[in-house]
Amino acid sequence: MPAPHASPRALPVLLLLAVVALLAGCTSLGDRGPMRSTPSHDDTRPPRVVDHGPWPNPATRQLVVVLTPNWDAPQGRLARFERDAGGAWRPVGASFPVMVGRSGSAWGLGVHAAQSDGPQKAEGDGRAPAGVFAIGSAFGYAESAATRLTYAPMQHEHWCIDVPGSPDYNRIVDTREVGATAIEGSTEPMRRDLHKDGDQRYRLGFVIEHNAAGVDRAGSCIFAHLWKGPDVPTAGCTAMADGDMSTLLGWLDPAATPRFVLLPVQAYARMQATWDLPAPGGGNPNAGPAGGTPAGRDAHE
């Protein structure tokens, strides 16, 4: 049906809606589906209560550390660390390349104290959240996966809501439970293979608990997932090769209270002691978060 005629007074409102329609979720730039209006269904569920404990957290015995060259870099390296019996961080295996947001990174909402010395994460900014975050459920297309994390098999009806103003903002929902109107406007089907021409990026991944309380417009649907290619950035997630994801998921243990850290090198150096983070390199130049990549250089050089 043709759109109704817009009066001059309505133009500012329409322009605002157009801006909202440009806001993106987690996958790479240029693959967005059609946008619709903000959903208006009722939500009678209680507010989300989030308590991931303090940071630093002595219960954390596993760290996933992503280090990027600077705030605007779309690439980095990921390293794994475990605490030894004396409480010191030790590297596990070799680091590997990852892609992050197409615009780099920005301070997110995690278990760390709020920071103001850099960009702040917002919906649609194309930046990966920086800071320290809890690790949520693993997910994928198969019925099960080789991981000790809680695993959620995704179906055609699962979506992550990236629409500002939605009561389901930053939630993965099932339309069989919440209704079809709940996903109106969302660009994040969790079965991208079924909705996005066979896209495999969400075939295996896990939730990075940025903005777990669902603060409106603070950023949504942040995952670690498979990459489309080693030079293809995301809209805010951390993407990696299939084998590296399998290794990571096979290592993560919820009993170790694992945390996900993403920081540019300068912010990492500044926060290392305060946040009880591993020394870059950890005694092994192939395992440290910097991966031997100096600030300002391409991590794939």
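Starting from 1, each residue takes its place in the sequence as its number.
Contact annotation: the side chain of Val64 approaches that of Ile135 to within less than 4.5 Å [non-hydrogen atoms, C-beta and beyond]. At least one side-chain heavy atom of Leu263 sits less than 4.5 Å from a side-chain heavy atom of Trp107. Taking the side chain as every heavy atom from C-beta outward, Trp251 and Glu82 approach each other to under 4.5 Å. Within the 4.5 Å cutoff, no side-chain heavy atoms of Phe81 are placed close to those of Leu277. Looking at heavy atoms from C-beta onward, Met99 lies out of side-chain contact with Lys228 at the 4.5 angstrom threshold. With a 4.5 Å cut-off on side-chain heavy atoms, Leu149 and Ser137 do not count as touching. Under the 4.5 Å side-chain criterion, counting only non-hydrogen atoms from C-beta, Leu252 is in contact with Gln62. Under the 4.5 Å side-chain criterion, counting only non-hydrogen atoms from C-beta, Pro189 is not in contact with His158.
A distance-only check finds no donor-acceptor pair linking the side chain of Gln272 to the backbone of Ala267 [under 3.5 Å]. A donor-acceptor pair is defined here as one N or O able to donate and one able to accept, closer than 3.5 Å; no such pair exists between the side chain of Thr60 and the backbone of Pro56. Of the possible donor and acceptor atoms, one in the side chain of Asp125 sits under 3.5 Å from a partner among the backbone N and O of Ala122. Of the possible polar contacts, one joining the Arg127 side chain to the Ser105 backbone as a donor-acceptor pair under 3.5 Å is found. At distances below 3.5 Å, at least one donor-acceptor pair connects side-chain atoms of Asp216 with backbone N or O atoms of Gly165. Between the side chain of Tyr169 and the main chain of Gly219, a donor-acceptor pair closer than 3.5 Å is present. When atom types are taken as modelled, the side chain of Gln200 and the backbone of Gly198 share a donor-acceptor pair closer than 3.5 angstrom. Asn170 contributes a side-chain N or O that, together with a main-chain N or O of His210, makes up a donor-acceptor pair within less than 3.5 Å.
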**Prompt:** Can you check side chain to side chain contact (heavy atoms under 4.5 Å, CB included) on Asp197 and Arg192, steps first, answer last?
**Reply:** CA-CA 7 Å; Asp197 299 323; Arg192 297 186 62 84; over 6 Å; no

**Request:** Decide yes or no on side chain to side chain contact (heavy atoms under 4.5 Å, CB included) for His195 and His156, but give the supporting numbers first.
**Result:** CA-CA 8 Å; His195 292 274; His156 183 275; 3.3 Å; yes

**Item:** Intermediate values then yes/no, side-chain hydrogen bond (donor to acceptor under 3.5 Å, both in side chains), Thr187 and Asp162
**Value:** CA-CA 7 Å; Thr187 67; Asp162 56 0; 2.6 Å; yes

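Taken together, Cys160 and Cys221 meet the criterion of an SG-SG distance shorter than 2.5 Å.
No side-chain N or O of Gln266 forms a donor-acceptor pair with one of Trp71 less than 3.5 Å apart. Side-chain contact check for Asp72 and Ser103: no donor-acceptor pair (N or O, by modelled atom type) lies under 3.5 Å. Using modelled atom types and a 3.5 Å distance limit, the side chains of Arg77 and Ser95 yield a donor-acceptor pair.
Closest approach of Val100 to Ala128, counting heavy atoms only: CB-CB, 4.0 Å. Pairing each heavy atom of Gly118 with each of Gln120, the nearest pair is O-NE2, 3.1 Å. Asn211 and Ala218 get closest at one heavy-atom pair: ND2-CB, 3.6 Å. The two residues Phe260 and Thr238 make their nearest non-hydrogen contact at CZ-OG1, 3.6 Å. Summarising the geometry of Ala224 relative to Ile208, their closest heavy-atom pair is N-CD1, 3.7 Å, with the distance given to 0.1 Å. Shown here for Ala145 and Leu204, the closest heavy-atom pair between the two residues is CB-CD1, 4.0 Å.
Asp276 has a carboxylate O that lies under 4.0 Å from a charged side-chain N of Arg83, or vice versa, which qualifies the two as a salt bridge. In summary, Arg217 and Glu123 do not engage in a salt bridge, as defined by a charged side-chain N under 4.0 Å from a carboxylate O. A salt bridge links Asp117 with Arg270; the closest basic N to acidic carboxylate O contact falls under 4.0 Å.
Remark: Asp199 CG to Asp193 CG distance equals 8.0 Å, nearest 0.5 Å. Distance check, rounded to the nearest 0.5 Å: CD1 of Ile161 to OG of Ser166 gives 5.5 Å. We find the CZ-CG distance between Phe133 and Leu262 to be 7.5 Å, quoted to the nearest 0.5 Å. The CG atom of Leu109 lies 10.5 Å from the NZ atom of Lys121; values are rounded to the nearest 0.5 Å. Here Cys237 contributes atom SG and Leu226 contributes atom CG; the two are 11.5 Å apart, rounded to the nearest 0.5 Å. In this structure, the separation between OG1 on Thr247 and CG on Asp244 is 6.0 Å, given to the nearest 0.5 Å.
Ring pair Trp275/His112 is tilted by interplanar angle, where 30° to 60° counts as tilted.
The distance between the ring centers of Phe223 and Tyr202 falls below 6.0 angstrom.
The number of heavy atoms from other shown groups lying within 6.0 Å of CG (Asp84) is above 12.
Tyr141 does not carry Arg203 over the face of its six-membered ring by the limits of under 6.0 Å from the centre and within 45° of the normal. Figure legend: Arg201 and Trp227 shown without cation-pi pairing, the cationic atom not lying both under 6.0 angstrom from the six-membered ring centre and within 45 degrees of its axis.
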